[in-house]
Amino acid sequence: MNRDDDQLARALEELPYTPPRADRMDELRASLGALPPVVRPRVNKKLWIGSAIAGVAAAAALAAIALREPAVQPAEHRAAIHAASGARFVHKKAELGAPEVVELSHGTVHVEVAPLAQGERMLLRTLDAELEVHGTRFDVVAVDDRLQLAEVFEGVVELRRAGELPVLLRAGSRWERPKAQPEPKPETAQVEAAQTEPVREEQRPLPKRKKAIAKAEELPAHERIFRDAWAAFARGDMSQAAELFAEAEAKGANSSLAEDAAYGRALALERAGKRQEAIVEMERFLARHPLGTRAGEVSVSLAWLLLDAGRNEDARAHFERAAKSSVPRIQVSAERGLESLRDPRTRTDPQDRSPSR
Amino acid sequence: MKGRVIPLRRPAANGEQSGDAISDESLLAACALGDQAGLVALFDRHHLRLHRFLCRVASVGSIEAEDLLQDTYSAIWSSAHGFKGGAKALTWMFGIAANVARNHARGRERRTRAMNTFGEQPRMGSEPLDDVAARRELLKKLEAGLEQLPHDHRVALVMCDLEGASGEDAARVLGVRPGTIWRWLHEARKALRVILEGGAQ
């Protein structure tokens, strides 16, 4: 701009301006947090699916169509990659028969994956490791093609590293490369501390990236069933998911997986509309895992079910408990629940309640 | 095929990575994935600037602009998937607000202001005003002149000269060529400079 334009710009900045009212802005802010999800049609280049989809309901709808039309072309990108400055990666879209892949060579990425339909897979790879995701949010850090850290915020990630048995990372868990760990030597196989099964002498390390995928049969039974349960959940088969979670919990009763399996079963029962069973399962969960990472979420979900069942005082106790959660979504849902107890006219629709939706 | 890269962290004022706050672009990506927390974060950061933008571009008062602000954030929520990272996120949001303002203007009559200044010459021999009052009068005329501009010229001027968007970014979000933006800016500045120069005499 020249000098005259500068003078004009300064004059424009001096134009009188009245800021908005604070209480009106508070109302507007609160209303933004309650906006319904946007439903967008998903168009396939080769096969027009013609289905309007959104969130988990979308995965169920798409899965139903996929079952009727086996030759469905997968979506181009199911993952959104948020990259820190300096991160280097390549994002390959899914093709028929091949999964969507993010190849991370260096830096930090935060990945958000939409729920996958049946047959869809999404992988993140470094030179020495591979993470398979099931509708998750997670962070990954790599340095010079080597995996350094993986932290899962939502869903499940299966981590496979050369020379090691795969591990499952659930929400709230974090894997870090051990300090001063030597590179895995081809003639030995190392076992992660989380694994309890002995290393078999005939087990060979995974030689190259494309071949470095551990077979499902090598997973412990409860881990394998747990993975299948999440897959069923992702495609919307809640009844099967609930059964598989129960089986995984029973088989892995002494493992860290038991809590997540119990949570998954409770959530699947709720989504399947089996409210009374969901109430029982959630009460059992809270009795066994009162301080678990999922306790707040289960408390508020249980509270809503109890409210619907007319058990207001029980509902209130769980809302009050959940309102103390440090997770904003859970707090907001709990406060809405308490509000609806005070004034039934403010009771929300079911889809606005659960913090996990 | 290269991945779609969205900057994870906000740059600091000097262009360096701040390392703490999530970028506006990431928040928009979160909105596209259905995360209302991203929209609320964008509201906390930018609602005042968008409100001011709407006051200027829609030529409405503060209270009326509050309603337009609500429409703007609803439109940002429903259009977030359309943000491809070609322009800064805030400029893109200004583009959304400009459309909201245009739709609003089409639905109502333009308000008339107390003073219409085009062609008005200073009166000879009148009692001179003091500096502060003169400045106030000038700004009133400028405001009226801004309102008289064609919508597109006004949007370009407010977006670029007031809110600091680059011409290229503004062109991208408004869906026009950069040359068109420069022409709108030129016409708008020329029209308002007449008022400014008239007031300085």
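Everything numeric here is computed off the predicted structure, so don't read it as measured data.
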Student: Nearest 0.5 angstrom please: B/E143 CD to A/E14 CD, how far?
Tutor: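 Going from CD on B/E143 over to CD on A/E14, the span is 12.5 Å.
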
Student: Roughly how far, to the nearest 0.5 Å, is the CD atom of A/Q7 from the CG atom of B/L192?
Tutor: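 Interatomic distance, B/L192 CG to A/Q7 CD, rounded to 0.5 Å: 12.0 Å.
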
Student: Looking at every heavy atom in both B/L48 and A/P20, which two are closest together, and how far apart are they?
Tutor: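 Shortest heavy-atom contact: CD2-CD, 3.5 Å.
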
Student: Surrounding CZ of A/R21 (heavy atoms of other residues, nucleotides or ligands, distance under 6.0 Å), is the total greater than 12?
Tutor: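 More than 12 within 6.0 Å, yes.
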
Student: When you look at A/L28 and B/E66, which way does the side chain to side chain contact (heavy atoms under 4.5 Å, CB included) test go after all the steps?
Tutor: CA-CA 9 Å; A/L28 176 50; B/E66 291 169 4; over 6 Å; no

Student: Let's go through A/R24 and B/D67 carefully: what are the C-alpha distance in whole Å and the side-chain angles of both, what is the deciding distance for salt bridge (Lys or Arg N to Asp or Glu O under 4.0 Å) to 0.1 Å, and is it a yes or a no?
Tutor: CA-CA 9 Å; A/R24 179 73 178 97; B/D67 293 336; 3.2 Å; yes

Student: Can you name the nearest heavy-atom pair linking B/R56 to A/Y17, along with the distance?
Tutor: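 The answer is NH2-CB, 3.5 Å.
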
Student: Start with the C-alpha gap between B/I63 and A/T18, add the side-chain angles, then the distance that decides, and say whether side chain to side chain contact (heavy atoms under 4.5 Å, CB included) holds.
Tutor: CA-CA 9 Å; B/I63 292 180; A/T18 304; over 6 Å; no

Student: Counting C-beta onward and ignoring hydrogens, is there a side-chain heavy-atom pair between A/P19 and B/H51 closer than 4.5 Å?
Tutor: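 They are not in side-chain contact.
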
Student: With heavy-atom distances below 4.5 Å as the criterion, would you say the side chains of B/L69 and A/M25 are in contact?
Tutor: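 Contact flag for B/L69/A/M25 side chains = yes.
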
Student: Before you tell me yes or no, could you show the steps for B/L42 and A/L32 under side chain to side chain contact (heavy atoms under 4.5 Å, CB included), namely the whole-Å CA-CA distance, both residues' side-chain angles and the distance that decides it to 0.1 Å?
Tutor: CA-CA 10 Å; B/L42 286 171; A/L32 296 180; over 6 Å; no

Student: Considering only heavy atoms and a distance below 4.5 Å, find which of B/L146, B/L185, B/D44, B/V158 pairs most often with chain A.
Tutor: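 Going by pairs under 4.5 Å, I would pick B/D44.
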
Student: Could you report the tightest heavy-atom contact between B/L139 and A/L15, atom names first, then the distance?
Tutor: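 That would be O-CD2, 3.4 Å.
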
Student: Taking side chain as everything from C-beta outward and backbone as N, CA, C, O, which of these in A/R29 sits under 4.5 Å from a heavy atom of chain B? Side chain, backbone, both or neither.
Tutor: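 When you check distances to chain B, atoms from both the backbone and side chain of A/R29 fall under 4.5 Å.
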
